[in-house]
Every structure is written in C-alpha cells, then in structure tokens.
2 protein chains.
Amino acid sequence: MTNIQRAKETEAAGEGFLKNIAIDAVIFGFHENQLKVLLIEYKRTGLFGLPGGFIRVEEDLNTAALRVASERTGLTDIYLEQFYVFGDYSRYDPTPFKTIMTANGQSPTEDHWLLKRFLSVGYYALVDFTKVKLAPAAIFDSCNWYDLNEVPTLIQDHTEIIKKALDALCLSLDNKLTGFNLLPRDFTMGDLQTLYETVLGRKLLRPAFQRKMLALGILERVAKKWTGGAHKAPYLYRFVAGNVTNGVI
Amino acid sequence: MTNIQRAKETEAAGEGFLKNIAIDAVIFGFHENQLKVLLIEYKRTGLFGLPGGFIRVEEDLNTAALRVASERTGLTDIYLEQFYVFGDYSRYDPTPFKTIMTANGQSPTEDHWLLKRFLSVGYYALVDFTKVKLAPAAIFDSCNWYDLNEVPTLIQDHTEIIKKALDALCLSLDNKLTGFNLLPRDFTMGDLQTLYETVLGRKLLRPAFQRKMLALGILERVAKKWTGGAHKAPYLYRFVAGNVTNGVI
DNA sequence: TATTATTGTAACATAATGTTACAATAATAA
DNA sequence: TTATTATTGTAACATTATGTTACAATAATA
C-alpha cells in the first residue's frame with residue numbers, strides 16, 4: 001500500500017479531518033453583466049450543491065476554505081470572506097450524501113462519517129471570471145457557473161446559504177472595496193457600475209457613481225482607451241490599493 | 001446511577017457534544033459610562049477567559065450560544081450576534097485547560113476530549129447591565145464584570161476575540177440599532193450618546209447626534225422627565241421597534 | 001429671585017449626494 | 001470630409017445630510 005493509497009483510505013474513514021464541521025464556499029463571478037455562482041453537480045443523482053470540504057486536523061480554517069475554492073477555480077490568490085456559520089440542527093440532512101454515495105456504488109452504513117451532523121462555515125469568494133479554469137469533471141461530480149437568477153434546486157440549505165452570502169456581499173460593497181475582485185485588472189466605469197447594480201439589484205445614477213468612485217482615490221486611470229462602438233471611448237481604470245488599510249475605508 | 005449522574009458522566013467523556021467546535025461569548029454590558037465585559041476566573045490557577053461552551057448533538061448553534069450566555073447572566077432574552085469563527089491551528093493550546101483540570105484534582109490523559117483542537121464560534125452579546133444576575137461562584141470558576149480597559153491577560157486568543165467582537169460591535173452601531181440593547185428600557189439622550197462614544201472610542205457632537213437619533217424615528221419620548229441636578233431635566237426615551245425591519249436601517 | 005449647569009433645538013456652514021444638462025468624442029453613414 | 005449617432009466625462013445646480021455655533025429653556029441651589 002503506497003502512502004497515497006493509505007492517505008486516501010484514511011480520508012475515506014473521515015480520519016484526518018475535524019469532526020462535525022464543514023466549509024461551504026459561495027464562489028461569485030461576474031460575466032456578461034451577470035452575477036454567477038459556482039455550483040457542483042453530483043453525477044447520476046440530479047443533485048446540485050455548493051462546493052464544500054472539511055478542515056484537516058492541522059490546517060487553518062481559512063486555509064481550508066482557500067483550498068476548497070482553489071480546487072474548483074484553479075486560482076491560488078482568492079478574495080475570501082467568512083460570513084456566517086450555519087448551525088441549526090434542522091439543517092442536518094444526510095439523505096443527499098446517502099444518495100450521492102449509493103449512486104456511486106457505495107453503501108454507507110448509518111454511522112458513516114459523511115452522514116453525521118456538520119456545522120458549516122460559510123465563505124464567499126470573489127474571483128475574476130476570466131481567470132478561472134474550472135476543475136474538469138471528476139468521477140463523482142462536475143462544477144460549472146450558474147447565473148444567480150437560474151440556480152437549480154440545491155441540497156440541504158445551500159439556497160439559503162447563497163442568499164445570505166449575497167446579503168453579506170451587498171453590505172461589503174457598501175463598506176469595503178471588495179467589488180473590484182470580481183472584475184479583471186482593467187475595467188471601465190461602466191463595467192464597475194453594472195457590477196454594483198447587478199449585485200445590489202438596483203439602478204445607480206451615473207454621474208454620482210463616477211464621482212464617488214473617483215473620490216475614493218483608489219482608481220488609477222490607465223492611459224489607454226477602449227475601442228468599441230460609435231461613441232466616445234471610455235477610460236480604463238485599475239484598482240490601486242495605495243491608501244486603503246485592510247479593505248475598510 | 002441516576003439519569004443526572006449518567007448525563008454528567010457522559011458529558012465528562014465529551015459525549016453528547018459536537019467535536020472540535022466550541023463557542024466563545026463576549027458578553028458586553030454598560031455601566032457608569034464604561035463598557036464592561038464578562039470574564040471567567042478559573043479558581044486556583046490565576047487564569048481568566050471568556051465564557052464558553054459546546055454544542056449538544058441535537059442543539060442549534062445559536063441556541064447553544066444563548067445557553068452559554070444565559071447560564072452566566074441569568075437572562076433568557078439576549079441580543080446575540082455571531083461575528084467570527086476562530087479557526088487558526090496556531091490558536092490550539094491545550095495547556096490552560098490542562099492547568100485548570102489539574103488545579104482541580106483531575107489528571108487528564110493527553111487525549112482527553114477537552115484537550116483536543118477546537119474551532120470557536122465567536123458571539124457577542126449585548127445585555128442590560130442592571131438586569132444581569134451574575135451566576136454565583138461555582139467549584140471551578142467564577143464570573144465577573146471587567147472594564148474593557150482593565151481586562152487581565154486571558155487564556156488562548158481570547159484577548160483577540162474580544163478585540164474582534166468590539167470591531168464588529170462598532171460596525172453594528174453604525175449600521176444597525178443594536179446599541180439600545182446595552183441600555184435599560186428608559187434612557188436619556190445623554191446616556192445614549194455616552195454609550196456610542198464609549199464603544200466607538202471618540203467624541204460625538206451633541207446636536208448632530210440628537211438630530212440623527214431622533215430622525216431614525218425609533219425613539220419614543222416618554223412623557224416623564226428625569227429629576228437630577230441643578231439644570232434642565234432631560235427627557236427619557238424608549239426604543240420602539242416600529243418601522244425597523246430586522247434591525248437593519 | 002439670581003446663579004449655575006445642562007438640555008433642546010434653531011440657525012447657519014459645510015459636505016455629501018441626487019439630478020439635469022451638455023460638450024467631447026469614436027465609430028458609422030452620407 | 002462631414003453629418004449622424006450613441007455614449008462618456010463632467011460641470012452645474014438642487015437637495016439632503018452632517019458639522020458647528022449659539023442661545024433660550026429649564027431644575028436645582030444659593
């Protein structure tokens with residue numbers, strides 16, 4: 001038995017992970033003026049859910065969250081934020097995992113570690129959609145982007161988790177400067193405004209928005225201009241962290 | 001063996017609780033214009049820490065937090081807010097618990113459940129100081145109010161936990177109306193302002209503060225007046241939840 | 001009845017935000 | 001080349017919010 005095999009067998013028994021505690025990651029992306037979320041489809045079950053994982057016995061919680069988000073997006077540098085721990089007993093529902101396991105030829109005993117009760121630490125991630133390389137379909141599942149308005153029915157309380165993540169993101173947009181993490185390095189003021197409007201779910205007035213963003217003093221106007229349609233070309237901007245301390249203004 | 005004895009023995013083995021996950025409660029009070037925090041003193045050790053506890057296997061996380069805060073304050077209706085999960089591996093430090101247990105005549109084995117690694121869900125509680133009836137000193141520990149400026153050295157990362165709770169409370173004061181939970185039912189505008197100033201750590205201008213608070217439309221002016229010193233008597237106000245949805249303005 | 005300290009709020013100043021308007025383009029069409 | 005079109009950048013004003021000063025209105029005491 002190789003070390004790798006032994007490691008896998010250990011993990012199959014749930015050893016090597018903290019008990020009763022899991023991570024769920026709401027990975028947001030922004031593409032074609034739409035807010036996207038990364039979802040897992042469990043093969044041969046018709047079940048969908050959030051990417052999740054467990055914490056290794058000697059691993060930092062935040063590191064574990066980064067690992068979970070990293071595995072699916074291929075990114076190593078990810079803006080991640082804890083937003084809530086879901087710990088109601090009523091959310092404990094082992095049936096989806098049972099379904100997923102049996103659909104894959106396993107017949108877990110009632111006391112299988114995956115069927116125990118887990119609290120879940122909710123993280124949301126903001127990633128540059130254009131940089132993400134989705135993990136290829138695996139044996140048990142595959143992952144894909146879904147428009148936030150077209151999220152299928154999800155296992156357990158994952159729909160509620162996404163809702164709460166979005167609430168937290170809205171607050172964060174108002175208070176911090178997190179929005180930029182959803183955009184590529186260079187973007188127009190229009191891009192930024194559409195992002196804000198999409199996340200917040202309401203229209204903003206263009207002159208006020210531009211004035212406010214520029215007043216923050218964190219946008220560098222890139223000399224180059226865009227080349228597009230039959231109209232004045234917008235400037236490109238870039239986020240510069242200069243005068244900001246720890247994200248909070 | 002009675003059921004109670006059996007229950008206690010079960011808990012002594014850590015059965016009946018979720019593994020690897022604990023709760024720490026930062027219970028804030030406000031008295032004589034000072035922000036107080038409730039701390040536990042572990043007898044015969046000189047150690048201090050936050051009130052904490054574990055989650056029963058069929059208990060809601062929030063219920064467990066309420067239970068922890070309830071046990072120490074005697075209150076049943078407590079404003080509680082989750083603010084962060086502390087999950088760094090580096091915070092894992094079983095020595096304080098070992099000290100506490102040996103000081104009380106126990107000699108725990110290395111793999112005693114209390115000496116395992118725990119993530120900790122941080123909650124802060126806002127309570128009406130005048131209503132709290134501190135739990136009487138028990139065999140292992142006693143609890144007391146401490147001025148936030150005179151917090152002793154605490155076990156593990158509890159000092160950092162308090163700091164982060166305070167940060168969260170400051171944000172919450174700005175965005176929500178949580179401050180009232182620290183005051184008795186009736187209070188003067190001066191009381192309210194001092195509370196805000198103490199928590200935020202900076203002076204506020206009286207006319208602007210009063211105007212803003214009244215504009216919120218959530219303060220009912222109680223007809224009665226105060227009777228105090230050689231000057232105009234202030235009005236008493238009372239918080240009315242009327243036009244507020246879920247605390248967020 | 002005068003004195004004192006503090007309250008409640010008016011009144012103004014300043015800053016932030018909401019709104020309208022328009023000149024400045026960058027592509028296309030004439 | 002020049003007009004047309006759509007969109008951008010921002011000025012200019014309106015409105016609201018906040019910061020600041022000032023002062024009349026007390027409630028106890030002298």
Side-chain angles (χ1 to χ4, degrees), chain A residues 32-33 170-171 173-177 179 183-184 186-239 243-244 248-249, chain B residues 32-33 170-171 173-177 179 183-184 186-239 243-244 248-249:
Chain A
E32 289 177 348
N33 294 343
C170 284
L171 274 179
L173 266 197
D174 280 346
N175 302 321
K176 304 184 190 180
L177 307 162
L183 292 175
D186 298 343
F187 50 86
T188 69
M189 199 55 80
D191 295 336
L192 188 59
Q193 187 174 340
T194 316
L195 165 64
Y196 269 70
E197 290 177 340
T198 309
V199 175
L200 297 175
R202 62 190 164 89
K203 286 283 167 190
L204 302 171
L205 288 167
R206 196 170 54 86
F209 181 79
Q210 165 135 340
R211 192 205 301 144
K212 191 167 180 174
M213 286 298 135
L214 292 182
L216 289 174
I218 51 157
L219 291 186
E220 182 187 13
R221 182 177 282 183
V222 181
K224 267 189 357 176
K225 295 182 183 184
W226 194 254
T227 159
H231 53 76
K232 187 174 177 178
Y235 287 102
L236 284 174
Y237 294 89
R238 190 177 295 174
F239 174 76
N243 359 6
V244 188
V248 188
I249 36 174
Chain B
E32 289 178 345
N33 294 343
C170 283
L171 274 179
L173 267 197
D174 280 344
N175 301 320
K176 304 183 188 181
L177 307 163
L183 292 175
D186 298 342
F187 50 87
T188 69
M189 198 56 78
D191 295 336
L192 188 59
Q193 186 175 341
T194 315
L195 166 64
Y196 269 70
E197 290 178 340
T198 309
V199 174
L200 297 175
R202 61 190 164 90
K203 286 282 168 194
L204 302 172
L205 288 167
R206 195 170 55 87
F209 182 78
Q210 163 136 340
R211 191 204 302 144
K212 191 168 180 174
M213 285 299 135
L214 292 181
L216 290 173
I218 50 158
L219 290 185
E220 182 188 13
R221 181 176 283 183
V222 181
K224 268 189 357 175
K225 296 184 182 182
W226 193 254
T227 159
H231 52 76
K232 187 174 177 180
Y235 286 103
L236 283 173
Y237 293 90
R238 189 177 295 176
F239 174 75
N243 0 5
V244 188
V248 187
I249 36 175

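For the numbers below, each heavy atom of this structure counts, side chains included, while hydrogens, waters and symmetry mates do not. Order of the sequence lines sets the chain letters (A, B, ...), proteins ahead of strands, with each chain counted from 1.
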Between NZ of A:Lys203 and C1' of C:dT19 the distance, given in whole Å, is 17 Å
Rounded to the nearest Å, what distance is computed from the CG atom of residue A:Asp174 to the C1' atom of nucleotide C:dA16? 15 Å
Scanning both residues in full, the closest heavy-atom pair of B:Leu214 with B:Met189 reads CD2-CE, 3.8 Å
Among C:dG8, D:dT8, C:dA11, the one nearest any side-chain atom of A:Arg206 is D:dT8
Distance-only, no hydrogens or angles: does the A:Glu197 side chain make a donor-acceptor pair with backbone N or O of A:Leu204 under 3.5 Å? yes
For the pair made of CE in B:Met213 and P in D:dG19, what is the distance, rounded to whole Å? 12 Å
Among C:dA5, D:dG9, D:dT20, find the nucleotide with the atom closest to the side chain of B:Ala208. D:dT20
side-chain N/O B:Arg221 vs C:dT9 OP1/OP2, d < 4.0 Å: yes
Determine, stepwise, if the pair B:Thr188 / B:Asp191 fulfils side-chain hydrogen bond (donor to acceptor under 3.5 Å, both in side chains). CA-CA 5 Å; B:Thr188 69; B:Asp191 295 336; 3.2 Å; yes
Starting from C1' on C:dT9, measure out to CD on B:Gln193 and report it in whole angstrom. 14 Å
5'-most contact on DNA chain C: A:Gly229 or A:Lys212, nearest heavy atom basis? A:Lys212
In this structure, how many angstroms lie between the P atom of C:dT7 and the CZ atom of B:Phe187, rounded? 15 Å
Choosing from D:dA11, C:dG18, C:dT7, which nucleotide comes nearest the side chain of A:Arg211? C:dG18
For the pair made of CG in A:Leu205 and P in C:dT20, what is the distance, rounded to whole Å? 8 Å
Just compare D:dT21, D:dG9, D:dA27 and give me whichever is closest to any side-chain atom of B:Pro207. D:dT21
Within the structure, does a side-chain N or O atom of B:Gln210 lie under 4.0 Å from either OP1 or OP2 of C:dT7? no
Residue matched to D:dT18 through Watson-Crick or wobble contacts both under 3.5 angstrom: C:dA13
Between C1' on C:dC22 and NZ on A:Lys232, what's the gap in Å once rounded to a whole number? 11 Å
Would you call A:Phe239 and A:Leu183 a side-chain contact if the rule is heavy atoms closer than 4.5 Å? no
Need one value for A:Ala233: base, sugar-phosphate or nothing, where a base atom within 4.0 Å counts as base even if backbone is also close, heavy atoms only. sugar-phosphate
Which heavy atom of B:Asp186 sits nearest to which heavy atom of B:Arg238, and what is that distance? OD1-NE, 2.8 Å
Complement of D:dT29, any strand, by Watson-Crick or G-U distances under 3.5 angstrom: C:dA2
Scan every strand shown for a Watson-Crick or G-U wobble partner of C:dC22, both distances under 3.5 Å, and answer none if you come up empty. D:dG9
Tell me the interatomic distance from B:Leu216, atom CG, to D:dT16, atom P, rounded to whole angstroms. 18 Å
